[in-house]
Amino acid sequence: MPKEPDFIHDLNEAQQRAVRHTEGPLLIVAGAGSGKTRVLTYRIAYLIQQQKAAPNDILALTFTNKAAKEMKERIQQLIGDEARRLWMGTFHSVFSKILRFEAEKIGFTSNYSIYDTDDSKNAIKQLLRENNYDPKEIRPRTIQRLISDAKNELIHPDHYQEKFVHSTLDDITANIYGQYVERLKHNNAMDFDDLLVKPIELFQQHEGVLEKYQDRFKYILIDEYQDTNHAQYKVTNMLARKYKNLCVVGDDAQSIYSFRGADIRNILDFKSDYEEAVEIPLEQNYRSTKAILKAADSIIKRNDSQLNKTLWTDNDMGDAITVLDNYDERDEANRVANYIQELKARKGYGYNDFAVLYRTNYQSRVYEETFRRKGVPYQLVGGLSFYQRKEIKDVLAYLTLLINPDDDTNLIRIINEPSRGIGNKSLHDLMAQARAGNQSLWRVLENVGEIDLYKPAEKSVREFVSMINDLKKDLKNGRKLINITKKLLEQSGYMKSLVEENSPKSMTRRENILELQNAISYFEKNNNNPSLSSFLQEISLITDTDKYDEEKPAVTMMTVHAAKGLEFPVVFVVGLEEELFPVGSRDNEEVNIEEERRLFYVAITRAEEVLFFSHCRSRYKYGEEQRKRRSRFLDEVSPDVVRTETGASIKQNSNNLNGDQKESSDSGSTKIEYDWKKPLYKKKNRSSNTTRIYYDNPDEDPFQVGARVEHNVFGPGKIISRSGQGEKTKVVIYFKERGRKTLMLRVAKLQVIG
DNA sequence: AGAGGGGGCCCCGAT
DNA sequence: GGCCCCCTCT
């Protein structure tokens with residue numbers, strides 16, 4: 001065995017143990033900021049340096065493509081160029097690559113399309129229509145969510161019937177689920193969940209294929225293990241079964257993706273799943289000040305933490321956390337911008353040292369406006385990603401059609417885009433024909449002469465087919481992708497219609513298309529074997545977080561989810577209000593308050609030196625002003641590390657969370673104090689003789705989210721959300737028999753029941 | 001067939 | 001405040 005590399009002495013004792021423990025299952029419980037990326041990087045370099053494995057024997061699954069790329073670069077610095085041959089990436093990208101090799105074995109071609117959430121929602125909407133359900137009553141999003149959950153739990157459509165049918169919704173889902181799976185297969189398409197589920201099917205049906213990959217991946221590492229779902233657990237469990245060299249890194253306190261099926265039990269049960277597993281905790285935090293760490297600890301200890309670890313740091317105490325108390329979101333954004341300018345001027349921070357973290361993407365808008373107005377450079381991460389934009393999806397749909405003609409969903413997307421006279425009626429006729437003959441829409445288009453179709457539309461179809469066939473020929477002849485793209489933009493009339501529109505919107509779209517062309521050229525130059533299908537599959541999996549550039553001199557704005565794994569000297573956690581952070585409940589689902597708390601914990605632990613919390617007393621939502629109560633999390637945080645802007649300690653109240661705030665004049669300054677006794681709303685006279693209206697006094701108002709109510713026409717139901725105030729208060733109610741209704745509280749005849 | 005206007009719904013997070 | 005759907009008119 002070669003001598004141990006010098007680089008191992010860069011690590012602390014626990015980190016070294018984690019690196020040296022190469023054989024058998026290993027659980028590294030890595031607290032926030034404890035250097036886990038470093039451990040993973042060094043561990044991989046160590047495996048190679050000690051000749052335990054060649055680079056392509058190692059599979060490392062990360063949470064973002066960006067993390068994979070960075071780790072690869074760091075490993076390259078430790079051991080040299082051969083690091084490029086590591087298998088490293090997100091679950092989705094690694095398994096999509098494997099599926100490209102093995103697709104034929106499970107009835108797909110290697111040119112399979114990848115559907116994003118919108119694509120699968122559209123496919124489901126289409127199926128609902130075909131099954132005579134009204135997509136307005138049965139929302140595609142709901143069905144999509146249920147199907148996705150089932151897939152991640154590895155529940156087959158046939159078993160969904162057995163398992164879940166006890167309500168109308170489950171019944172419909174069971175019905176649609178089977179058809180959806182079939183439809184995707186017909187389209188030669190996989191959704192995001194399939195990229196995890198199909199490999200399992202593949203391995204179950206082909207023992208030899210499983211063994212091939214078991215032998216290939218002799219060492220497996222998984223980052224952010226607390227956020228893996230059942231399918232991810234299963235597929236890696238299968239792969240690691242032979243050599244059992246599975247090293248997982250995670251932190252149960254940072255599990256924030258349960259909506260994606262992440263199952264915290266995967267990490268909690270690791271030691272019982274893998275009996276000989278060794279657990280190594282990393283407890284020294286290198287990132288944050290003591291004050292920040294104390295705030296984080298005071299939050300997380302309110303949850304039932306299940307893996308033992310105690311974070312500590314040698315860093316300084318640091319400044320107290322400042323709580324900003326704002327009138328509304330404009331005020332909030334202004335104040336944040338001012339602090340950024342001030343800290344930059346006084347303490348010498350650069351713009352890229354700052355991050356604004358929020359719970360929901362729509363909060364970014366006010367910051368964009370404010371920062372632009374004040375000349376604060378920013379980069380926005382997340383929201384509507386580049387590849388979800390209409391014009392980008394359109395162009396990609398054209399390209400997809402060239403290699404996957406059976407993909408009806410993408411074909412329908414562009415068959416009349418730009419409009420070429422193949423309208424709803426004609427499309428409907430064509431689709432009917434396709435379904436009758438059990439063939440893809442493209443086959444019908446190719447043989448359009450054989451069916452009865454509106455003549456002008458038929459002519460358009462012929463032109464469309466010959467245009468696509470011509471492009472296909474170019475592709476076959478090895479013409480460059482970028483040139484094919486340019487040609488299709490011209491021949492389809494797509495560019496022309498954007499030019500003619502000549503609006504600000506169409507200008508942006510043209511710019512975006514140019515950016516896509518750059519991406520295609522770049523891909524073509526930087527890949528040895530650039531195929532259209534690998535391009536399309538790769539970019540389907542690129543996320544906005546992958547594009548975040550920490551060197552760019554700009555303030556970063558992103559959701560807390562997107563900030564996972566990142567760190568910033570100065571962090572603003574904004575919008576700390578009830579019904580926002582923690583988020584408000586939606587549909588019939590209860591908010592997982594412990595997960596919201598973990599999310600807040602993640603937000604806090606992104607900060608290295610300076611941390612701000614911020615909340616607004618009122619905020620616009622759906623164009624309406626709403627009064628907001630500050631987040632309960634502000635009452636949970638250790639009071640000795642938080643201060644108001646004037647340096648006073650904030651008053652907290654652990655049992656009454658809906659206190660108001662008032663200006664206090666006792667110090668002569670504009671010091672802000674909180675008066676928890678004063679109700680949030682002024683009392684007004686009550687009115688109405690049918691339903692008692694309580695909207696003026698929230699303490700007595702029984703019509704709160706979650707309340708069970710009865711309506712004299714719609715019957716029993718549950719309040720799922722509430723908006724507006726006073727007379728304009730509206731509630732959304734889910735009625736057992738009638739579905740969702742939005743009602744004015746003032747006029748609805750409602751009674752609280754049960 | 002397609003443009004344009006009005007109404008309803010919505011926006012929690014993301015591979 | 002914005003998106004999507006449906007309706008109506010040309």
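What you see is a predicted model, and the numbers here were worked out from it, not measured in a lab. Residue numbers begin at 1 in each chain, while the letters A, B, ... track the order of the sequences.
Looking at A/N416, its side chain does come within 3.5 Å of a backbone N or O of A/I422 through a donor-acceptor pair.
Residue A/T559 places no side-chain N or O under 4.0 Å from the OP1 or OP2 atom of B/dG13. Contact annotation: A/K390 does not reach the phosphate of C/dC3 (side-chain N/O to OP1 or OP2, under 4.0 Å). Within the structure, a side-chain polar atom (N or O) of A/N361 is placed less than 4.0 Å from OP1 or OP2 of B/dA14. Distances shown here put a side-chain N or O of A/T543 below 4.0 Å from the OP1 or OP2 atom of B/dT15. Between A/N416 and B/dA1 there is no side-chain N or O to OP1 or OP2 distance below 4.0 Å.
Among the atoms of the strands shown, none is found under 4.0 Å from any heavy atom of A/F91. Among the heavy atoms of the strands, none lies under 4.0 Å from A/K564. Looking at heavy-atom distances under 4.0 Å, A/D116 makes no contact with the nucleic acid at all. The residue A/K425 sits close only to the backbone: its heavy atoms come under 4.0 Å of sugar-phosphate atoms, none of a base.
Taking only distance into account, the side chain of A/R145 meets the base of B/dG13 through a donor-acceptor pair shorter than 3.5 Å. One can find a donor-acceptor pair under 3.5 Å joining the base of B/dT15 and the side-chain atoms of A/T117.
Separating the CG atom of A/N122 from the P atom of C/dC3 is a distance of 16 Å, rounded to the nearest angstrom. Atom pair A/E137:CD and B/dG8:C1' shows a separation of 14 Å (rounding to whole Å applied). One can place CG of A/L427 at 15 Å from C1' of B/dG2, the figure rounded to the nearest angstrom. The CG atom of A/L196 sits 17 Å away from the P atom of B/dA14 (whole-angstrom rounding). Protein atom CZ of A/R141 is 14 Å distant from nucleotide atom P of C/dC4, rounded to whole Å. When the C1' atom of B/dA14 is taken as reference, atom CE of A/M558 falls 13 Å away, rounded to whole Å. The CD-P distance, from A/Q363 to C/dG1, rounds to 17 Å in whole Å. Rounded to whole Å, the distance from NE2 on A/H92 to P on B/dT15 is 9 Å.
For A/H615 and A/F581, the distance between ring centers is not under 6.0 angstrom.
Between A/F600 and A/F633, the ring planes are parallel. Angles under 30° get that label, and only those over 60° would be called perpendicular.
Exactly one of A/E579, A/E578, A/E577 qualifies for a salt bridge (Lys or Arg N to Asp or Glu O under 4.0 Å) with A/R632. That residue is A/E578.
For A/E224 and A/Q226, the side-chain atoms include at least one donor-acceptor pair closer than 3.5 Å. No side-chain N or O of A/D251 forms a donor-acceptor pair with one of A/Y225 less than 3.5 Å apart.
Residue A/Y257 places its side chain closer to B/dA14 than to any other of B/dT15, B/dA1, B/dA14.
Applying the 5.5 angstrom centroid cut-off and the 30 degree plane-angle cut-off, the aromatic ring of A/F259 is stacked upon the base of B/dG13.
Projected onto DNA chain B by closest heavy-atom contact, A/K621 and A/K136 fall at different nucleotides, the more 5' of which corresponds to A/K136.
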